[in-house]
Amino acid sequence: MTASAPAAASPHVMTTYGRLPIALERGEGVRVWDVNGKQYLDALGGIAVNTVGHNHPKLVPALQDQVAKLIHSSNYYHVPLQEELAKMLVERSGLTNVFFCNSGLEANEAALKLARKYGHDKGIDKPVVVVYEKAFHGRSIATLSATGNPKVQAGFGPLVEGFIRVPMNDIEAIKKATEGNPNVVAVFFETIQGEGGVNPMRIEYLQQLRELCNERDWLMMIDEVQCGMGRTGKWFAHQWAGIKPDVMPLAKGLGSGVPIGAVVAGPKAAGIFGVGNHGTTFGGNPLAMRAGVETIRIMEEEGLLQNAADVGAHLKAALERELGGLPGVKEIRGQGLMIGVELDRPCGVLVGRAAEAGLLLSVTADSVIRMVPSLTLTRAEADEIVALLAPLVKALLAE
Ligand SMILES: *Cc1c(COP(=O)(O)O)cnc(C)c1O
């Protein structure tokens, strides 16, 4: 796509990604540079991963210190940093216990195991979990079965059974779909769908769902892998609705780039797993735990929740001003630094054009431009994103 394309298809790495012809070499804050020295403004943040920005002056030395002390031990032993990070997550979520793993799908897989065992413990042999249209929960066999995207599922059947799928923001639809079904054990959803196109659940709907879960004794399991960890301006996106889940998978932003996942559980779910029910070799290793602890510490020291809320609102308003109301722009939505601009047509071509112009972002669900930058983004950098993006969108709409 660019004249100086450095990277061709690899003869050795499997071709599971449609990659841009760009290879990034280093970063600083929300800037990254490729192997040819070209600079980009990074509005993608490694897909909502690089919470504190690239090469953060507090995170890097902390990780270097940890690498020199202990990278990995084993869950045969106690890992004090697990206790430290778990305490931080519990205090900020109002939940009680944490299981650590290494990625989003692993956290979701653990949540689904919790739901099934919750059912079995109640004498339900064939537990059913309610999931949503357009949901994305990962690419393992169970999590792709929970995902509401035929493209993710194609070629990987038979899918795991035990799911019922419903539309978002429609309380009557879920009541109807589960009516008289004694096997339902949990509802599983993203507060703001990420891959599905930055689709928020409405606050009233979240509150109605919480009531329904209480009434029916279902686990409320909220996949905050993408929208959690401060991205929306609160620690967890569901907190805007004043509710608490029973199970909350986390990953992406939790380690600012070091692979990590976690399942945070409240009283109803925290005791479901006993010794031997679940485990992982790498999960909870000291390096990943240190990354999580330092990420949360830096977020608080630098006021990044407030920054995500403020700069996110500023970015959304600037996008509204430049693009809102244009024929072809359907909606600008999201919260904090998780923003989608939906067009009335496929716009995947914008990803390459933006990169050429020096801006990294993604297009999801074919027609939604998605921005999930580091939570350190400044207003000036937000203005720069808009200045780079708006002309590209206008040009596309004029084609
Ligand atoms: C990215 C994502 C996942 C999968 O996480 P991986 O680390 O890629 O396995 C699951 N759920 C949501 C909401 C996500 O955004």
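In each ligand, atom 1 is the first atom listed, and ligand 1 is the first ligand listed. FYI, the numbering just counts along the sequence from 1.
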Exercise. Look at the side chain of Ser103 and the backbone N and O of Ala251, then say whether any donor-acceptor pair between them is shorter than 3.5 Å.
Key: no
Self-check item: Where ligand 1 meets Lys252 - atom numbers and elements under 4.0 angstrom, heavy-atom basis
Solution: 1 (C), 2 (C), 3 (C), 14 (C), 15 (O)
Practice problem: Answer yes or no: does atom CD of Glu161 have more than 12 heavy-atom neighbours from other residues, nucleotides or ligands under 6.0 Å? | Solution: no
Practice problem: Show your working on side-chain contact (heavy atoms from CB on, under 4.5 Å) between Phe163 and Val128 and close with a plain yes or no. | Solution: CA-CA 5 Å; Phe163 294 108; Val128 166; over 6 Å; no
Quiz item: Quick one: which ligand 1 atoms are inside 4.0 Å of a heavy atom on Glu190?
Solution: 13 (C)
Practice problem: Under 4.0 Å from a heavy atom of Asn108: give me the atoms of ligand 1 that qualify, with their elements. | Solution: 10 (C), 11 (N)
Practice problem: Kindly confirm or rule out an N or O of Leu105 lying under 3.5 angstrom from an N or O of ligand 1. | Solution: yes
Exercise. Please round to the nearest 0.5 Å and tell me the distance separating atom CZ of Arg31 and atom CD of Glu28.
Key: 11.0 Å
Quiz item: So is there a nitrogen or oxygen of Glu106 less than 3.5 Å from a nitrogen or oxygen in ligand 1?
Solution: no
Exercise. Establish whether atom 8 (O) of ligand 1 and some protein heavy atom are separated by less than 4.0 angstrom.
Key: no
Quiz item: Looking only at N/O atoms, are Gly104 and ligand 1 under 3.5 Å apart anywhere?
Solution: yes
Quiz item: Under 4.0 Å between a Lys/Arg side-chain N and an Asp/Glu carboxylate O for Arg92 and Glu300?
Solution: yes
Practice problem: With heavy atoms only and a cut-off of under 4.0 Å, state how Ser103 meets ligand 1: side chain, backbone, both or neither. | Solution: both
Quiz item: Would you say Lys38's side chain and Glu356's backbone share a donor-acceptor pair under 3.5 angstrom?
Solution: yes
Quiz prompt | For Asp223, atoms of ligand 1 separated by under 4.0 Å from a heavy atom | solution = 10 (C), 11 (N), 12 (C), 13 (C)
Exercise. Would you check if there is a donor-acceptor pair between the side chains of Asn149 and Gln153 at a distance under 3.5 Å?
Key: no
